[in-house]
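No hydrogens, no waters, no symmetry mates; every other heavy atom, side chains included, goes into these values. Quick caveat: nothing in here was measured; it's all calculated off a predicted structure.
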Amino acid sequence: MTSNPVYILGISAYYHDSAACMLKDGELLAAASEERFTRNKHDDNFPLNAVKYCLKEAGVMLEDLDYVVFYEKPLLKFERLLMTYIQNWPFGFRSFTKSMRTWLGNKLWTSNNIQKELGKILGKKKKYKKGILFVPHHISHAASTYYPSGFEEAAVLTVDAVGEYSTASYGIGRKNKLEISHELRFPHSLGLFYSAFTYYLGFKVNSAEYKVMGLAPYGEPKYAEKMKELIKIFPDGSIELNMKYFCYEHALTMTSGRMERFFGKPRRKEDDPLEQFHKNVAASLQKVTEEIVLKMADHVRKQYDTKNICLAGGVALNCVANGRLLREGKFKNIFVFPAAGDAGGAVGAAYFLHHQILGNEERHPFKTPYLGPGFNRNKIESLLEKSGIPYKTYQDDELFTEIANLIDNNQIIGLFQGRMEFGPRALGNRSIIADARKKENWQRVNLKIKFRESFRPFAPTVMEDKLSQIYDIDVPTPYMLMTAQTKVKDIPATTHVDESARIQSVSREQNPRYYGIIEKFYQKTGCPVIINTSFNVRGEPIVCTPEDAIKCFIRTEMDILVLENFVVHASEVDKNKLKEIFTLEVFHND
Amino acid sequence: MKAFVVLKKIWLKFAEIVEKVGSTIILGLIFYTIIAVYNIFYRFFGLFKNKKVSSRWDVFEHNQHTMDDLTKEF
């Protein structure tokens, strides 16, 4: 007799980057961020569309779910907020009224809200009747990276802005058990420290931290020592922020006027030019961040005699720090979950329930980041036909050769194939690809395709078997979460000013189609590297559907659009006519 | 009876203010006053001190071991 499979729906929501995932007997079947469906970047609303997709992918109804689990403890978070306001009184009235409005109106009733939102799937005025389970924020992060890592034993380090009280935590995973032993607490937070400088440098908090990371190599870390007046770093990696300079505890801003006086420069406004000062601050911030991450990891290593470490939390998306941790060699193996931020919390909460609470011992190592929706070729063909878009159809092998030729002819290609990636990086299924050998492509793709800041670098995708010939790294980095130095000179479009690159290595097993394209390009040109950037414009979530891809193709100067096995040339398309068929949304800069 | 009339007048005046200023702000002010009182206790008598603020690695308090732990929102 076989027992019925156990389905667990994981949810993260109500802060930023809402997401849902589905586990079937501990296997991750589907996961997606809500923003991809609503086209609202970092969408924090209940991930209704993502939930519907997960149910569809798993082929189950809402009633078939065994458990629904949420990625944090809302009342514990509310307690922290109240305690913070008490301590900071009389400051913070505006922030207090704003946050109370959302808490009293919505967040305080999370369980009820989730049941109501899920009820929408059941029908009008219905409510999901089963209870909702809650996993603490940092346990969700820790579980999201430990359980899929495949390690039998590993230290786990999570670092983000703030969960309930925790801002960082560490512990140990052994087989199917995960025990978090220590935490750092609010307001002393490395994530918030990084976000405060993101704000000071004129970028959007909880969104553009990665831009600051990309800006850092243009500067000198001149202020790194000075910054230590703002943050005390202990030998064990714990930190104490000087809260005179930061006001995120009680205000709607991140830094106080004292910070401006400290650096002798006002906060940069979004449209102000980037000066060398800003680049130097970014470089200093990156240096201090790396020092803290390394000290934290070193402390964790001393606690547990293990060669493996798993990282999660928003700070784990800092691939420069990850790369340095790898190079320092304190841990032999490093695993970072591709959706290391809050979206991944949905997955962690579900894994934690499955293994730790339900006691299931069999683990399923992470196989693929392609956990989002995929689209049927017939559907895509009929969309092209209906829209009057001329296209050519190729068989797989011909298609790879054709795309390789187009890249070699310096065409910029929107590549849409297979299932969408889970996590913030496009890994070849929703990507814009181009020739990495042409330096001008850096500016061309930034300004004419992505409409984004010209300083921002592009990541390379490299054939995994050629990885160590091109880069100073010898372990695969399939999720674009490590940087390494470039050894060769002939790929300037993906080499940052400090010779570093945020690498994605791809193997045939991981993504045969994407690997096939780069392999053909390599056979033709001898270069196993191409530019890979996410398929979107500035402020837009990465495309999800073929319609989204066509709209992005219309609004940019992209040369080619590849939708599965169909190739569309911009030169053969009347984009103005298509603008009448497809309504183009307006995206706000991030 | 007289007291009732006075109370009613106060209530109507309050309702009028609420309508003018907006219920959220009034509610905010009420809560904020409560917090101010708490703050006095916190500052002068050391009560309600948030022991959870820590700048050093401290013991993690929220490990979850049972299904019952997960049903709680706190």
Side-chain angles (χ1 to χ4, degrees), chain A residues 67 69-70 73-76 78-80 82-90 92-93 96-98 100-101 104-105 110-111 131-136 138-139 164-166 168-171 178-188 232 234 236-241 299 352-353 356-358, chain B residues 4 6-74:
Chain A
Y67 303 98
V69 60
F70 189 67
K73 298 265 191 192
L75 294 187
L76 208 53
F78 186 62
E79 183 195 60
R80 190 253 299 162
L82 287 181
M83 294 304 290
T84 306
Y85 284 119
I86 286 172
Q87 284 168 51
N88 285 285
W89 187 88
F93 180 70
F96 177 78
T97 45
K98 195 178 173 211
M100 284 309 114
R101 202 178 302 173
L104 296 175
T110 299
S111 184
I132 310 298
L133 300 171
F134 299 89
V135 174
H138 274 258
I139 292 186
E164 293 86 5
Y165 280 93
S166 315
S169 72
Y170 70 81
L178 176 65
E179 194 76 13
I180 301 299
S181 68
H182 286 81
E183 63 179 341
L184 288 182
R185 298 195 190 120
F186 185 81
H188 305 294
K232 199 171 170 183
F234 297 100
D236 62 2
S238 54
I239 49 171
E240 183 176 338
L241 272 70
H299 175 67
F352 184 78
L353 170 63
Q356 182 95 349
I357 304 297
L358 299 176
Chain B
F4 177 73
V6 173
L7 273 176
K8 196 180 167 188
K9 268 189 183 172
I10 292 170
W11 174 251
L12 287 173
K13 192 74 192 165
F14 179 69
E16 194 184 319
I17 294 169
V18 170
E19 202 177 347
K20 264 188 198 163
V21 184
S23 58
T24 314
I25 291 176
I26 294 293
L27 270 175
L29 277 170
I30 291 169
F31 273 104
Y32 205 61
T33 311
I34 296 167
I35 278 181
V37 174
Y38 269 83
N39 179 268
I40 290 164
F41 282 104
Y42 164 75
R43 205 162 281 191
F44 295 105
F45 305 110
L47 296 177
F48 312 112
K49 201 167 172 65
N50 187 0
K51 294 192 183 88
K52 289 176 176 166
V53 171
S54 174
S55 62
R56 304 302 303 269
W57 291 114
D58 207 343
V59 174
F60 185 72
E61 292 177 344
H62 301 289
N63 272 310
Q64 313 279 296
H65 301 287
T66 64
M67 189 62 90
D68 190 45
D69 290 339
L70 291 203
T71 58
K72 291 173 186 150
E73 289 186 55
F74 49 87

Name the member of [options] that forms the most heavy-atom pairs with chain B at distances under 4.5 Å.
{"options": "A/Gly237, A/Ser111, A/Gly131", "value": "A/Ser111"}
{"options": "A/Leu178, A/Val69, A/Asp236, A/Leu358", "value": "A/Asp236"}
{"options": "A/Phe134, A/Tyr67, A/Tyr85", "value": "A/Phe134"}

Flag side-chain contact, heavy atom, 4.5 Å: A/Glu79 against B/Phe74: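 Side-chain contact under 4.5 Å: no.
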Enter the distance from [X]:[atom1] to [Y]:[atom2] here, rounded to the nearest 0.5 Å.
{"X": "B/Leu70", "Y": "A/Leu353", "atom1": "CG", "atom2": "CG", "result": "6.0 Å"}
{"X": "B/Glu61", "Y": "A/Glu183", "atom1": "CD", "atom2": "CD", "result": "6.0 Å"}
{"X": "B/His62", "Y": "A/Tyr165", "atom1": "NE2", "atom2": "OH", "result": "7.5 Å"}
{"X": "A/Thr110", "Y": "B/Glu73", "atom1": "OG1", "atom2": "CD", "result": "6.0 Å"}
{"X": "A/Leu133", "Y": "B/Asp68", "atom1": "CG", "atom2": "CG", "result": "10.5 Å"}

Parallel, tilted or perpendicular, as decided by the 30° and 60° cut-offs, for the rings of A/Tyr170 and B/Trp57: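 Ring orientation of B/Trp57 relative to A/Tyr170: perpendicular.
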Largest heavy-atom contact set with chain A, pairs under 4.5 Å, which of B/His65, B/Lys72, B/Gln64: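 The residue among B/His65, B/Lys72, B/Gln64 with the greatest pair count is B/Gln64.
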Go through the atoms of [X] and report whether side chain, backbone, both or neither lie under 4.5 Å from a heavy atom of chain B.
{"X": "A/Leu104", "value": "side chain"}
{"X": "A/Ile239", "value": "backbone"}
{"X": "A/Ser181", "value": "backbone"}

Residues forming a ring pair (Phe, Tyr, Trp, His ring centres under 6.0 Å) with A/Phe352, sequence neighbours excluded: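 Once residues adjacent in sequence are excluded, A/Phe352 has no partner under the ring pair (Phe, Tyr, Trp, His ring centres under 6.0 Å) criterion.
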Proximal component of B/Thr71, with respect to chain A [non-hydrogen, under 4.5 Å]: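 Both parts, backbone and side chain.
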B/Asn63 side chain to A/Glu179 backbone, donor-acceptor under 3.5 Å: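 No: the side chain of B/Asn63 does not pair with the backbone of A/Glu179.
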Set of side-chain contact (heavy atoms from CB on, under 4.5 Å) partners for A/Phe93, sequence neighbours left out: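 Applying side-chain contact (heavy atoms from CB on, under 4.5 Å) to A/Phe93 gives A/Thr97, B/Leu29, B/Tyr32.
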